[in-house]
Each structure stands twice: as C-alpha cells, then as structure tokens.
Amino acid sequence: MLPSRRGRPARVTAFAALLLGTAAAGALAGCGDTGGLRDAGATAAARSPARLWPGLPPASSPAYDIGEVEHARVEGVAVPGGDIRGADPVAAVRAEIAAHPDDYAGTGARYHETSARMADCGTDDPENTGDAEDTENTEDTARDGCPVLRPYYRDLTGDGRPEMALGFRLLPGRLTAVRVYTVEKDRLVRVMSYDDAVSAVELAGRAVVVRSPSEVAGYEYRLQWTWDADQRAMLLTSDEMLRADDGGGDGDGHTGRPSPSASPSSSSSASSPSRDAP
C-alpha cells in the first residue's frame, strides 16, 4: 500500500516547502528583469551571388534545339462540338505514328512494336476515361494489348475547358510517351510531348509532373510542365533531381536529363526534349 500524504515524515514536507520557496524566489527575481535586448552573437553577413568568369561573353542562343515549345496540329482527328472529350485518343496516337514512319514503321524502327500493337486498340472506349481525381477506375489501357493508356481530362490552361493528358507505351522498350492536347478552333492541338522511362505521371493543379528514375541510388528526376499563354504550350518550368521516397531508380531506363536529339513527335519548328532518352 502506498503511503498516504498525511503519513509522510515532517522533514520531507519541510524540504518540499524549502524547494518551493526557492523556486518562488527565483520567479520573483525573474519578474524584476528589465526585459532588455540581449546580444545573440554575430550575424552572418548576407552574400550576393558571386559571378564567375565575368569576362566570358554571354551566350545569345541555345547550344541545342531540344524543342522547348510543342504546338502541333493533329491532322485527321475530329473534335465534335469543340469538346476534347469527344476526340478519339487512339486516333490521336495513330496520327502521330502515321506522321513519323521512320520511328514506327517496319521491324527496324525503334518503336515498331507500338505500331504493330495498335491493332489491339480498336477505337476508344468512352467509359475508360476519367478525370484526374478518379481513382476508382484502375484500368490503364483502352484495350488488352493496346499500348495507348487511359486518357485523363483537366483544365490545364485556365480557360475553363479541359485538356486531354494521354500516354502510350513505346515498345519494345520501357519508355512511355506523355502527351497533352488542347482544342483550338475545333482542331486538336498537341501542346506537350515528352518520352522517358516513367515512374509516375501526376496532374498537380494546372501542372503536369513526370517522375523518372535516376542513375543515382535513392534519387529521381522530377520534371514539371505548366501552361504558357504567350507560347500557347506547356513549357518545362522545373527540372530537378530529388531524393525519392521509394529508394530511387532502377537504373534500367533513364539515361540523364532530356536529350538534345530530335523527336519525331514535334512540330516542324521544335522537337521533344527526350525522344532518344534511353
């Protein structure tokens, strides 16, 4: 049985009273402090960025044409009523394949298997589409064996109308083509094009975020595209190497930052940043 408060020796009570009295005195002494400012030590001086090699002539043009602006009309794909949800995603991919036979046609083409497996796609299933917040539909492709992934719709330009985010597999490799389409004057227009070994693709607000494995264990690439009204295209506005939550890349796909090589999916004036990424 624990001793009661009343049964404790008097010396314990007296000692406790002494401690309380000392603490109270300290508190009163603290109340008498003037509250003046105290020196916290020296503050590190702020430094402006140090410019290296100030005599080096500044570049006036990029070293490579990596296709920073993608704005290409997609021929032969109807947009009924100007509503992009009525456009056939499979037809959009077929139009891109037809426009670049060197990459898709024949057994010697880099992505010949993508072209061959388009026969498994048929036409798009209207039920196999979704908004970005739709997490119940776990089907990723339009048909079994079809390389075209499920389209998603969200307003990425701020005009109140949805854009279409679309992906398709670049086979026989492990690359994924990521595309964004909008509608201009009832015509389908591709405003983003990027190919890579993809870990994940996300729609964050009005931005498209692509995560790709890095060669550095524990890190990944995270690239972000946002709409630019002046260029009428999704521009690459962030390109970072960050620590990955899942332990990093697997080292079997991504070979570095976007390649300066030309892309067959680009318009005549620009190319995709990473058609030759792997």
Side-chain angles (χ1 to χ4, degrees), residues 61-74 79 82-85 87 89 92-93 96 129-135 149-168 170 175-185 187-214 219-245 249 254 256-263 265-275 277:
S61 60
Y64 307 102
D65 179 9
I66 62 173
E68 295 174 304
V69 178
E70 175 78 6
H71 186 273
R73 221 176 247 185
V74 181
V79 185
D83 184 356
I84 200 167
R85 292 177 182 271
V93 176
E96 181 170 331
T129 62
D131 293 305
E133 292 76 16
D134 179 11
T135 58
L149 303 177
R150 171 190 179 196
Y152 286 87
Y153 299 91
R154 178 182 285 188
D155 178 12
L156 298 174
T157 65
D159 65 356
R161 299 183 304 172
E163 275 62 53
M164 177 172 65
L166 183 62
F168 59 97
L170 296 173
L175 299 187
T176 301
V178 181
R179 307 287 186 261
V180 173
Y181 300 88
T182 190
V183 176
E184 294 182 0
K185 299 179 180 180
R187 301 290 298 272
L188 190 67
V189 178
R190 186 172 57 249
V191 294
M192 175 197 158
S193 177
Y194 184 70
D195 307 332
D196 206 344
V198 170
S199 301
V201 181
E202 303 162 344
L203 295 182
R206 290 177 180 166
V208 178
V209 179
V210 177
R211 299 168 56 185
S212 300
S214 165
Y219 289 80
E220 68 178 6
Y221 293 100
R222 296 183 194 177
L223 293 85
Q224 177 175 302
W225 283 261
T226 52
W227 174 255
D228 186 280
D230 292 333
Q231 299 297 328
R232 294 189 302 156
M234 304 287 290
L235 297 187
L236 179 62
T237 52
S238 177
D239 182 356
E240 302 177 288
M241 175 188 265
L242 302 173
R243 182 171 290 278
D245 298 334
H254 195 100
R257 297 166 70 86
S259 164
S261 302
S263 165
S265 64
S266 63
S267 61
S268 58
S269 60
S271 59
S272 173
S274 69
R275 171 62 70 181

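In this structure, Met234 and Arg206 approach most closely via the heavy-atom pair CE-O, 4.0 Å. Of all heavy-atom pairs between Thr157 and Asp155, the closest is N-OD1, 3.2 Å. Taking both residues in full, the closest heavy atoms of Pro162 and Ile84 are given as O-CG2, 3.3 Å, listed atom of the first, atom of the second, then distance. Here the closest heavy-atom approach between residue Ser212 and residue Val198 is recorded as OG-CA, 4.3 Å. Nearest heavy-atom pair, Pro213 versus Tyr221, reported as atom, atom and distance to 0.1 Å: O-CD1, 3.6 Å. A pairwise comparison of heavy atoms in Val69 and Gln231 identifies CG2-OE1, 3.8 Å as the closest pair.
For the pair Trp227 and Val191, the minimum side-chain heavy-atom distance is below 4.5 Å.
If you check the side chains of Tyr181 and Arg190, you find no donor sitting under 3.5 Å from an acceptor.
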>> Please evaluate residues Leu149 and Thr176 with respect to the criterion side chain to side chain contact (heavy atoms under 4.5 Å, CB included), reporting the C-alpha separation (whole Å), side-chain torsions for both, the decisive distance (0.1 Å), and the verdict.
In response: CA-CA 10 Å; Leu149 303 177; Thr176 301; 4.1 Å; yes

> Passes side chain to side chain contact (heavy atoms under 4.5 Å, CB included), Leu235 versus Thr226? Steps please.
Replying inline: CA-CA 5 Å; Leu235 297 187; Thr226 52; 5.5 Å; no

>> Apply side chain to side chain contact (heavy atoms under 4.5 Å, CB included) to residues Val180 and Trp225 and explain how you reach the verdict.
In response: CA-CA 10 Å; Val180 173; Trp225 283 261; over 6 Å; no

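Atom CZ of residue Arg187 and atom OG1 of residue Thr182 lie 13.5 Å apart, to the nearest 0.5 angstrom. Separating the CD atom in Glu68 from the CG atom in Asp228 is a distance of 11.5 Å, to the nearest 0.5 Å. One finds the CG atom of Leu188 at 11.0 Å from the CZ atom of Arg73 (value rounded to the nearest 0.5 Å).
A salt bridge links Asp195 with Arg179: at least one charged nitrogen is closer than 4.0 Å to a carboxylate oxygen.
In summary, of the residues considered (Val74, Val189, Val183), a side chain to side chain contact (heavy atoms under 4.5 Å, CB included) with Val79 occurs for Val183 alone. Leu156 pairs in a side chain to side chain contact (heavy atoms under 4.5 Å, CB included) with only one of the listed residues (Arg161, Met192, Glu163), which is Glu163.
In this structure a side-chain-to-backbone donor-acceptor pair under 3.5 Å is present from Arg154 to Leu203.
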